[in-house]
Amino acid sequence: MATKVYIVYYSTYGHVEKLAEKIKKGAESVEGVEAKLWQVPETLSDEVLGKLGAPPKSDVPVITSSELAEADGVLFGFPTRFGMMAAQFKAFLDSTGTLWRTQQLAGKPAGLFYSTGSQGGGQETTPLTAITQLVHHGMIFVPIGYTFGAGMFEMEKVRGGTPYGAGTYAGDGSRQPSELELDIAFHQGKYFAGISKKLKGTA
């Protein structure tokens, strides 16, 4: 049976979604892996989103907490809010109490990716503070470390992403993920899928 990798994200302006799409391509490059994109439910009204200038949501399906248990591995993506995950994603994780009570996610690999507004805006604190969610579910955190190679040491260009996972800078919203940031996202998907496949094979 194929290894199922779910890429579950929240994206206000599309930056995290672009990373998610590239991560999916990376995961699908591993033979025997099926990757699927999911969005978490929006908590803001259309009126508020309109005032924020947020674009319409894509047609990626919205996940329910119970569907998380179907995956062999999960990558979670979100923008930062004051150095932590956005409230929309936290609200979704808060709805996973039944999974926690039954420990249905325990032993499954999990990874993180994210978007911040600035270089000091949470590229490390955002994933670091998110790890507590994985710990309570007994999930196995899979960071990318420095497995991407020389690109992780790029100093001449602005680059999102850390050993915790792929990342991008949104700035005022006009900046889009760079080619290097998207390459790191592809690598994360491929790397994570390979580990998920190995873990499933030993189960």
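Hydrogens, waters and symmetry mates are skipped; everything else that's a heavy atom, side chains included, is used.
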For the atom pair [atom1] ([X]) and [atom2] ([Y]), what is the distance rounded to the nearest 0.5 Å?
{"X": "Leu112", "Y": "Phe192", "atom1": "CG", "atom2": "CZ", "value": "9.0 Å"}
{"X": "Ile184", "Y": "Ile23", "atom1": "CD1", "atom2": "CD1", "value": "11.0 Å"}
{"X": "Met84", "Y": "Thr129", "atom1": "CE", "atom2": "OG1", "value": "4.5 Å"}
{"X": "Leu134", "Y": "Ile140", "atom1": "CG", "atom2": "CD1", "value": "11.0 Å"}
{"X": "Arg81", "Y": "Thr116", "atom1": "CZ", "atom2": "OG1", "value": "11.0 Å"}
{"X": "Lys157", "Y": "Leu180", "atom1": "NZ", "atom2": "CG", "value": "7.0 Å"}

Between Glu47 and Ser45: side-chain donor-acceptor atoms closer than 3.5 Å: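 Side-chain D/A pair, Glu47 to Ser45: absent.
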
Which atoms form the tightest heavy-atom contact between [X] and [Y], and what is the distance?
{"X": "Ile7", "Y": "Ala20", "result": "CG2-CB, 3.9 Å"}
{"X": "Phe89", "Y": "Phe76", "result": "CZ-CD2, 3.4 Å"}
{"X": "Pro79", "Y": "Tyr10", "result": "CD-O, 3.1 Å"}
{"X": "Tyr164", "Y": "Phe141", "result": "O-CZ, 3.8 Å"}
{"X": "Ser115", "Y": "Val16", "result": "CB-CG2, 3.6 Å"}
{"X": "Ser58", "Y": "Gln39", "result": "O-NE2, 3.3 Å"}

State which residues pass side-chain hydrogen bond (donor to acceptor under 3.5 Å, both in side chains) with [X]; sequence neighbours excluded, sorted by chain then number.
{"X": "Ser11", "value": "none"}
{"X": "Lys108", "value": "none"}
{"X": "Lys24", "value": "Glu28"}
{"X": "Gln119", "value": "none"}

Not counting sequence neighbours, which residues clear side-chain contact (heavy atoms from CB on, under 4.5 Å) with [X]? List them please.
{"X": "Gln103", "result": "Trp100, Ala106"}
{"X": "Gln133", "result": "Met85, Lys90, Leu93"}
{"X": "Gln176", "result": "His15, Lys18"}
{"X": "Lys197", "result": "Thr3, Val30, Glu31, Val33"}

Counting N and O atoms only, with roles assigned by atom type, does the side chain of [X] sit under 3.5 Å from a partner on the main chain of [Y], one being a donor and the other an acceptor?
{"X": "Tyr114", "Y": "Gly165", "value": "yes"}
{"X": "Glu181", "Y": "Gly160", "value": "yes"}
{"X": "Thr126", "Y": "Gln123", "value": "no"}
{"X": "Gln188", "Y": "Ala166", "value": "yes"}

More than 12 heavy atoms from other groups under 6.0 Å of NZ on Lys57: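 More than 12 within 6.0 Å, yes.
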
Any non-hydrogen side-chain atom of [X] less than 4.5 Å from a side-chain atom of [Y]?
{"X": "Met152", "Y": "Pro163", "answer": "yes"}
{"X": "Tyr13", "Y": "Leu52", "answer": "yes"}
{"X": "Gln88", "Y": "Glu42", "answer": "yes"}
{"X": "Arg175", "Y": "Thr168", "answer": "yes"}

Hydrophobic cluster membership, [X] vs [Y], 4.5 Å side-chain cutoff:
{"X": "Ile63", "Y": "Leu75", "answer": "no"}
{"X": "Val74", "Y": "Val60", "answer": "no"}
{"X": "Leu105", "Y": "Leu199", "answer": "no"}
{"X": "Leu37", "Y": "Phe78", "answer": "no"}
{"X": "Met1", "Y": "Val5", "answer": "no"}

Residue pairs passing the side chain to side chain donor-acceptor pair (under 3.5 Å) test where at least one lies in residues 61-74, sequence neighbours excluded: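 Listed by first then second residue: Tyr6-Glu70, Thr64-Ser66, Thr64-Glu67, Asp72-Lys200.
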
Pairing residues for Glu154 by the salt bridge (charged side-chain N to carboxylate O under 4.0 Å, His left out) criterion, not counting sequence neighbours: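 Salt bridge (charged side-chain N to carboxylate O under 4.0 Å, His left out) check on Glu154 returns nothing, list empty.
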
Results of salt bridge (charged side-chain N to carboxylate O under 4.0 Å, His left out) for Asp183 - residues two or more places apart only: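 Asp183 satisfies salt bridge (charged side-chain N to carboxylate O under 4.0 Å, His left out) with no other residue.
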
Co-members of Val158 in a cluster of I, L, V, M, F, W and Y side chains, linked at under 4.5 Å: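 Besides Val158, the cluster holds Tyr169.
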
Steps toward ring-ring contact (aromatic ring centres under 6.0 Å, His included) verdict (Tyr146, Phe153): CA-CA 9 Å; Tyr146 287 87; Phe153 298 92; 5.2 Å; yes

